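What follows is a single structure, written as structure tokens, with notes after it.
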Number of protein chains: 2
Amino acid sequence: MANRAVNNYDRSVKTTDPTQQQGADPNAGLSDRIAAELTKQVSSGELPLGSWLRQSKIAEEFGTSRTPVREAIQSLSATGVVELIPNRGARIRVPSAGEIEDGYRVRAELEGLAAELAATFATQLQIDQLIAAEELFEAAVTEVSDADTSVEVGRQRWTQANDEFHEIILAAARNQTLVSALAWIHNQLPRNLTWNELGRDVRLMRSNVAQHRAIREAIEAGDGRAARQAMIRHVLRSGELVLLGLRELD
Amino acid sequence: MANRAVNNYDRSVKTTDPTQQQGADPNAGLSDRIAAELTKQVSSGELPLGSWLRQSKIAEEFGTSRTPVREAIQSLSATGVVELIPNRGARIRVPSAGEIEDGYRVRAELEGLAAELAATFATQLQIDQLIAAEELFEAAVTEVSDADTSVEVGRQRWTQANDEFHEIILAAARNQTLVSALAWIHNQLPRNLTWNELGRDVRLMRSNVAQHRAIREAIEAGDGRAARQAMIRHVLRSGELVLLGLRELD
DNA sequence: TCCACATGGATTGTATACCAAATGGATTAG
DNA sequence: CTAATCCATTTGGTATACAATCCATGTGGA
């Protein structure tokens with residue numbers, strides 16, 4: 001019925017994975033666009049972990065039939081965003097403590113590789129971008145310390161800085177499979193877990209900023225081994241923080 | 001019409017990814033079963049790289065309607081087995097040289113981590129299983145050297161030994177995310193590429209067997225760092241072999 | 001009071017039919 | 001030999017129907 005027209009500006013061959021990035025989707029494939037939008041909503045926390053994905057409701061929201069919605073859900077299941085329970089539907093995966101532990105170990109390895117590669121391939125421009133991201137971090141810290149500004153602002157600022165920092169390193173690593181692999185693992189491990197723990201304590205944030213600086217310095221110095229080690233430590237500490245937060249819930 | 005009854009021996013909650021392993025599918029979800037079967041056929045080379053997946057034909061083969069087939073294809077696209085060309089259909093992805101290079105770099109890292117973890121966690125039983133796999137390797141080598149037996153037998157034997165060897169290490173690593181991550185990358189990089197190069201030259205095979213032995217010895221000695229290094233070298237060499245084979249085609 | 005069991009509503013999973021849009025190749029015109 | 005046109009095939013999406021399944025709720029009995 002209410003069917004919005006599809007704009008066909010541009011023919012793209014679309015060789016990459018659908019749900020990979022948060023970027024606004026081009027033309028190809030309603031199901032892909034729905035899948036991408038849903039993953040974005042999961043990552044942003046707009047859709048809470050453990051909640052159900054009702055096909056009819058989603059179809060209504062997007063103004064489509066159930067068919068492309070079901071295809072999208074299949075994609076989400078394949079990428080691990082969602083778990084499929086037979087005859088019950090799709091539920092947004094809430095990782096167990098064990099899965100988080102395992103996941104951060106793998107993520108550390110991959111990001112460590114990215115840092116090592118970045119140490120040999122990074123351009124001066126990318127180094128400068130890393131430094132800019134660090135300044136964003138410090139801005140976020142002072143914003144949180146400041147009693148005036150809301151917590152939400154600080155959260156967004158910090159998240160953005162963090163995303164940028166890691167994405168710059170990833171770009172500098174010049175390995176497309178690595179990009180895909182990290183996108184994959186970000187679907188397994190919900191992104192924002194870290195902030196929940198970090199945002200409480202300014203000392204933790206300062207420590208975190210220092211870790212980022214150490215990574216950048218190693219990359220700038222072209223010391224691949226040091227960059228890798230610094231990155232691995234950084235990611236593993238984040239994982240420990242998240243696990244600590246989980247154990248508090250008992 | 002011709003609709004086979006579905007056996008419901010066993011209710012499984014099915015929390016894991018659908019196309020993950022090659023194992024025969026349980027109950028849940030026709031689309032999942034189709035996706036799993038198709039990925040298996042791609043991995044085994046039954047479906048050649050670059051060929052098209054025709055919805056109608058597949059639907060006919062499985063005795064279903066197009067609906068679950070389309071959902072399965074969406075899953076395959078999400079896992080990277082297939083590339084989706086708008087209005088043209090799904091084609092089995094044939095990775096470029098660059099993708100293979102990047103992919104093997106990532107795979108080396110992940111398998112290296114697995115080997116390191118295995119060095120600390122492997123049980124004596126698993127060590128024995130690794131040794132058994134090594135004997136399978138040697139059997140395959142002699143079988144290939146022997147002019148009587150067909151090449152296909154040697155190929156299957158070697159592939160099985162290789163799969164077993166790496167799966168045992170993976171099991172010994174005790175990290176479920178790592179299992180999933182390697183399953184993911186196996187969908188990006190078709191599995192059997194290595195054999196095509198390895199099978200030609202018995203010296204290459206012997207060298208390969210030696211690499212496997214070195215890995216096992218490091219694991220047996222509990223030397224994580226050595227196991228990681230040996231595994232990384234092993235995987236990277238396989239990647240170089242595959243790349244050499246590709247360049248020959250020019 | 002509490003447990004076992006039937007019942008009904010909601011939702012998924014699959015089939016079927018239909019059609020617009022697009023694509024690549026064949027055919028035809030220049 | 002090239003360019004425009006036409007056409008068969010295939011996808012992508014809508015709509016609808018319906019069996020199977022599951023869960024919650026309520027009912028009856030010990």
Side-chain angles (χ1 to χ4, degrees), chain A residues 1-15 18 25-38 50-78 82-92, chain B residues 1-15 18 25-38 50-78 82-92:
Chain A
M1 291 284 184
N3 203 354
R4 196 157 301 140
V6 179
N7 310 353
N8 267 3
Y9 322 109
D10 198 301
R11 310 211 317 93
S12 78
V13 194
K14 195 70 162 67
T15 86
D25 346 278
N27 39 10
L30 234 190
S31 12
D32 288 350
R33 270 180 291 175
I34 295 178
E37 175 65 20
L38 287 178
S51 65
W52 292 91
L53 260 44
R54 291 292 160 222
Q55 306 179 348
S56 320
K57 172 171 287 187
I58 297 175
E60 203 178 353
E61 287 176 3
F62 283 89
T64 72
S65 71
R66 271 172 57 203
T67 313
V69 173
R70 290 184 48 93
E71 292 175 351
I73 288 180
Q74 285 293 328
S75 292
L76 297 198
S77 164
V82 132
E83 74 182 327
L84 235 47
I85 287 105
N87 294 310
R88 286 294 292 155
R91 185 166 44 187
I92 300 179
Chain B
M1 291 285 185
N3 201 356
R4 196 156 304 141
V6 179
N7 309 355
N8 266 3
Y9 324 108
D10 199 305
R11 308 211 320 91
S12 79
V13 194
K14 197 72 166 64
T15 85
D25 346 276
N27 38 11
L30 234 190
S31 15
D32 288 350
R33 270 180 293 174
I34 296 177
E37 176 64 21
L38 287 179
S51 65
W52 291 91
L53 259 45
R54 292 292 161 221
Q55 304 179 350
S56 318
K57 172 173 287 189
I58 297 175
E60 204 177 353
E61 287 177 2
F62 283 89
T64 73
S65 72
R66 271 172 58 203
T67 313
V69 173
R70 297 193 39 178
E71 292 174 2
I73 288 181
Q74 284 294 326
S75 292
L76 297 197
S77 164
V82 134
E83 75 183 326
L84 236 47
I85 287 104
N87 293 312
R88 283 296 291 156
R91 185 166 45 186
I92 300 179

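Computed from a prediction, not measured in an experiment: that's the story for all the values here. By convention in this document, chain letters (A, B, ...) are assigned in the order of the sequence lines, proteins followed by strands, and residues within each chain are numbered from 1.
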For [X] and [N], what is the distance between atoms [atom1] and [atom2] respectively, to the nearest whole Å?
X: B:Lys57; N: D:dT11; atom1: NZ; atom2: C1'; answer: 16 Å
X: A:Leu84; N: C:dT14; atom1: CG; atom2: P; answer: 10 Å
X: A:Leu30; N: C:dA21; atom1: CG; atom2: P; answer: 14 Å
X: B:Trp52; N: D:dT11; atom1: CH2; atom2: P; answer: 9 Å

| So, is A:Ser31 near the phosphate of D:dG13, with a side-chain N or O under 4.0 Å from OP1 or OP2? |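 Yes, within the criterion.
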
| field | Closest non-hydrogen atom pair, A:Gln74 against B:Ser31 | value |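 Heavy-atom minimum between the residues: NE2-OG, 3.7 Å.
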
| A:Arg88 and A:Trp52: which non-hydrogen atoms are nearest, and at how many Å? |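 Distance-wise, the nearest heavy atoms are O-CZ3, 3.5 Å.
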
| said: Please determine whether the number of non-hydrogen atoms from other residues, nucleotides or ligands lying under 6.0 Å from atom CD of B:Glu60 exceeds 12. | reply: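 Atom CD in B:Glu60 is not crowded, with 12 or fewer foreign heavy atoms closer than 6.0 Å.
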
| message | Suppose we screen for side-chain contact (heavy atoms from CB on, under 4.5 Å). Which residues come up paired with B:Ser56, at least two apart in sequence or across chains? | response |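 B:Ser56 satisfies side-chain contact (heavy atoms from CB on, under 4.5 Å) with B:Arg66 only.
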
What pairs of nitrogen or oxygen atoms, one from the protein and one from nucleotides 5-7 of chain D, lie under 3.5 Å apart?
none

| message | Let's go through A:Ile34 and A:Glu37 carefully: what are the C-alpha distance in whole Å and the side-chain angles of both, what is the deciding distance for side chain to side chain contact (heavy atoms under 4.5 Å, CB included) to 0.1 Å, and is it a yes or a no? | response | CA-CA 5 Å; A:Ile34 295 178; A:Glu37 175 65 20; 5.7 Å; no

Pairs under 3.5 angstrom, nitrogen or oxygen only, protein versus nucleotides 10-12 of chain C, please.
from	atom 1	to	atom 2	distance (Å)
C:dT11	O3'	A:Arg54	NH1	3.1
C:dT12	OP1	A:Arg54	NH1	3.2
C:dT12	OP1	A:Gln55	N	3.4

With a 4.5 Å cut-off on side-chain heavy atoms, are [Y] and [X] touching?
X: B:Leu38; Y: B:Val82; value: no
X: A:Asp32; Y: A:Glu71; value: no
X: B:Leu84; Y: B:Ile73; value: yes

